[in-house]
Amino acid sequence: INKMKEISSSVDQYKLTKSIKGQIQQSYVIVLLLIALVIIFLATWFGFHLARGITVPIQELAIATTKVASGDLDIQLKTRSTDEIGTLVKAFNKMTADLRQGRAEVITANQELKNSNLELDRRRDYMEIVLANVTAGVISIDRSGYLTTINKSAETLLQFNADKMLGKDFRDVIPDSYMPQIMALLKELFYSERGMVRQQITIPIGNEKYTLMLHLTTLRDKKNNFLGTVIVFDDLTKLYKAQRMAAWREVARRIAHEIKNPLTPIQLSAQRLRRRYLSRFADDHVFDDCTKMISNQVDELKNLVNEFSNFARMPATKPSENNFNEVMSECLALYKQAHKNITFQLLLDQHLPDTKFDREQIRRVLINLLENAVAAIAGEGTIWLKSAYNQELQIITLKVADSGCGIPSEDKARLFEPYFSTKKTGTGLGLAIVSTIIADHNGYIRVRDNSPRGSIFIIELPATDS
Ligand SMILES: Nc1ncnc2c1ncn2[C@@H]1O[C@H](COP(=O)(O)OP(=O)(O)O)[C@@H](O)[C@H]1O
Ligand SMILES: [Mg+2]
């Protein structure tokens with residue numbers, strides 16, 4: 001029975017359990033679902049966490065890279081991990097550090113370069129200033145014959161244009177008129193043992209002839225390699241002119257002295273002869289003619305000698321407050337009446353300031369120039385007298401122009417030399433006196449062709465009292 005009871009209770013229990021089978025199944029499913037949800041949630045969270053650990057540093061790296069690309073090298077990234085990303089960030093940081101150092105080195109090197117360039121510029125400027133301010137002309141030619149230096153004095157004196165000539169072969173740009181002389185000197189330099197040649201040459205520049213003292217020197221570097229040639233020259237023209245003028249004055253003084261003395265006795269003797277014998281030889285006109293001739297010629301000789309001694313003993317200038325316009329109109333008035341065939345034109349600058357000059361000497365200048373102008377005009381012609389004042393440069397310009405025969409260019413260079421004359425009875429002293437007076441007044445005189453015919457004498461004088 002017991003067994004039976006046991007079996008029946010088991011059956012009951014089974015029946016009961018069977019009835020709640022669905023409930024049990026349901027609760028199991030719910031539990032399983034919950035576990036699955038938790039697992040999914042955890043997996044997602046872990047996934048996100050992992051992804052952030054990779055993408056954030058990579059994003060930071062990307063931003064930092066663009067910054068580096070745009071020049072910001074001060075960037076430093078934080079290393080959060082020791083994985084591959086950490087290594088990448090470390091490598092990146094090292095790279096920027098290297099770049100920073102490199103850039104700093106480049107900057108210092110650049111600065112040093114700049115400084116040394118500045119120093120070089122300074123030295124070059126200094127050399128250029130020295131070269132520009134030496135009164136001697138300096139020209140240098142490199143080993144291939146190209147012009148490397150033409151200083152200011154050389155430019156002015158030789159009428160060169162340095163900008164156009166530098167860097168060119170000297171054989172192409174040096175004027176043909178004196179090229180052979182230069183070539184001969186260079187040849188001499190080539191064969192000279194000391195690598196130096198000194199010579200005086202006379203060359204034509206423009207319309208005038210210049211006398212230059214040339215020093216040619218071979219340039220060599222420390223290893224004695226040929227680098228080129230340097231030519232230094234001085235203008236001796238003015239010195240020569242002054243020396244010549246002084247010599248001529250001495251000649252004039254002696255001639256005047258030697259000739260003047262016997263002239264008066266000759267003239268007196270001739271006059272005495274006339275007084276005593278003219279009535280006796282009244283029927284013979286030879287005696288009358290000859291004694292008259294002697295007397296007249298002696299007069300002319302006296303005039304000549306006077307001009308000589310004037311030139312020889314030119315008095316020192318006595319400047320006083322004057323106006324050039326006044327002197328000009330005064331001189332013109334003298335000539336206007338005497339020469340009816342010539343038209344005189346006076347063009348005066350009314351703003352000409354009063355300046356200090358020797359009135360008598362300037363009168364002499366104008367009269368000499370007018371005398372020549374009148375002589376240059378055969379028949380009808382015009383003579384212009386002009387004055388002008390340049391306030392900026394403080395220069396007064398006087399011009400005497402004519403429509404006469406003009407002056408051939410070969411004569412122009414010698415015009416102002418004493419005793420240069422193309423006239424039969426000319427002394428050639430007129431323009432020599434003119435140029436001496438103008439030089440005594442610190443001025444400058446030159447001659448140009450007038451157009452269409454004739455010549456212009458241009459005088460430039462300082463408007464300030466010196
Ligand atoms: N205005 C001029 N026109 C042409 N030739 C001139 C003129 N002025 C000067 N000359 C030339 O210059 C030379 C020198 O002049 P100058 O010294 O006054 O001496 P001179 O008048 O005694 O000849 C003259 O012989 C003449 O040939
Ligand atoms: Mg004259």
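Computed from heavy atoms alone, side chains included, the values below leave out hydrogens, waters and symmetry copies. First listed ligand is number 1; within each ligand, the first listed atom is number 1.
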> Determine whether I201 and L185 make a side-chain contact, defined as any pair of heavy atoms from C-beta on separated by less than 4.5 Å.
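Yes. Closest side-chain heavy atoms under 4.5 Å.
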> Do L370 and H339 touch side chain to side chain, with heavy atoms closer than 4.5 Å?
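They are not in side-chain contact.
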> Would E326 and R359 pass as an ion pair if we require N to O under 4.0 Å?
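So E326 pairs with R359 through a salt bridge.
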> Any non-hydrogen side-chain atom of L157 less than 4.5 Å from a side-chain atom of L212?
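Yes, side chains in contact.
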> Write out the residue and atom name of the closest protein heavy atom to atom 23 (O) of ligand 1, then the distance separating them to 0.1 Å.
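Residue, atom and distance for the closest contact: S421 OG, 2.6 Å.
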> Show me which atoms of ligand 1 lie under 4.0 Å from any heavy atom of L415.
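Those of ligand 1 that fall under 4.0 Å from L415 are 11 (C), 12 (O).
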> Just let me know how N368 lines up against ligand 1, side chain, backbone, both or neither, with a heavy-atom cut-off below 4.0 Å.
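The answer is neither; N368 stays 4.0 Å or more away.
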> Would you check if the Mg ion (ligand 2) lies under 2.8 Å from any N, O or S atom of N372?
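Yes, N372 qualifies, because one of its backbone or side-chain N, O or S atoms lies under 2.8 Å.
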> State if G406 counts as touching ligand 1 under the rule of any non-hydrogen atom under 4.0 Å.
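Yes, G406 has a heavy atom closer than 4.0 Å to ligand 1.
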> Got a sec: does the CD of Q391 have more than 12 other heavy atoms crowding it under 6.0 Å?
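Count not over threshold, so no.
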> May I ask you to say whether D449 pairs ionically with K412, meaning some side-chain N is under 4.0 Å from a carboxylate O?
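Salt bridge present between D449 and K412.
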> Just to confirm my output: which protein heavy-atom neighbour is closest to atom 5 (N) of ligand 1, and how far is it?
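Protein heavy atom at minimum distance: I407 CG1, 3.3 Å.
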> Any idea which atoms of ligand 1 are less than 4.0 Å away from a heavy-atom of A376?
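Answer, ordered by atom number: 2 (C), 3 (N), 4 (C).
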> What protein heavy atom sits nearest atom 21 (O) of ligand 1, and how far off is it?
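I find the closest protein heavy atom is K423 NZ, 2.7 Å.
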> Between F416 and ligand 1, find which residue part has any heavy-atom pair under 4.0 Å and reply side chain, backbone, both or neither.
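Neither; no heavy atom under 4.0 Å.
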> Do any nitrogen or oxygen atoms of L431 lie less than 3.5 angstrom from nitrogen or oxygen atoms of ligand 1?
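By distance alone, the answer is yes.
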> Identify the residue among R275, R272, R274 that makes a side chain to side chain donor-acceptor pair (under 3.5 Å) with T291.
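That would be R274.
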> Please determine whether any non-hydrogen atom of G428 lies less than 4.0 Å from an atom of ligand 1.
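Right, G428 reaches ligand 1.
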> For ligand 1, which is the ligand I care about here, please tell me if G426 has any N or O atom under 3.5 Å from one of the ligand's N or O atoms.
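Looking only at distances, the answer is no, because the N/O contact criterion of under 3.5 Å is not met.
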> Do the non-hydrogen side-chain atoms of H441 and I362 ever get within less than 4.5 Å of each other?
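Yes - at least one pair of side-chain heavy atoms lies under 4.5 Å apart.
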> In the protein, which heavy atom is nearest to atom 14 (C) of ligand 1, and how far is it?
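Answer, as residue, atom name and distance: F420 O, 3.2 Å.
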> Answer with side chain, backbone, both or neither: which part of T422 has a heavy atom less than 4.0 angstrom from an atom of ligand 1?
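It is both parts that get close, each with some atom under 4.0 Å.
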> Surrounding CD of E380 (heavy atoms of other residues, nucleotides or ligands, distance under 6.0 Å), is the total greater than 12?
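Open.
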> Could you tell me the residue and atom name of the protein heavy atom closest to atom 1 (N) of ligand 1, and the distance to it rounded to 0.1 Å?
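Answer, as residue, atom name and distance: D402 OD2, 2.8 Å.
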> Give me the nearest non-hydrogen protein atom to atom 18 (O) of ligand 1 as residue plus atom name, then the distance to 0.1 Å.
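Heavy-atom neighbour on the protein nearest atom 18 (O) of ligand 1: N372 ND2, 2.8 Å.
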> Compute whether any side-chain donor of one residue and acceptor of the other, for T135 and S153, lie under 3.5 angstrom apart.
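On atom types as modelled, these side chains do not qualify, holding no pair under 3.5 Å.
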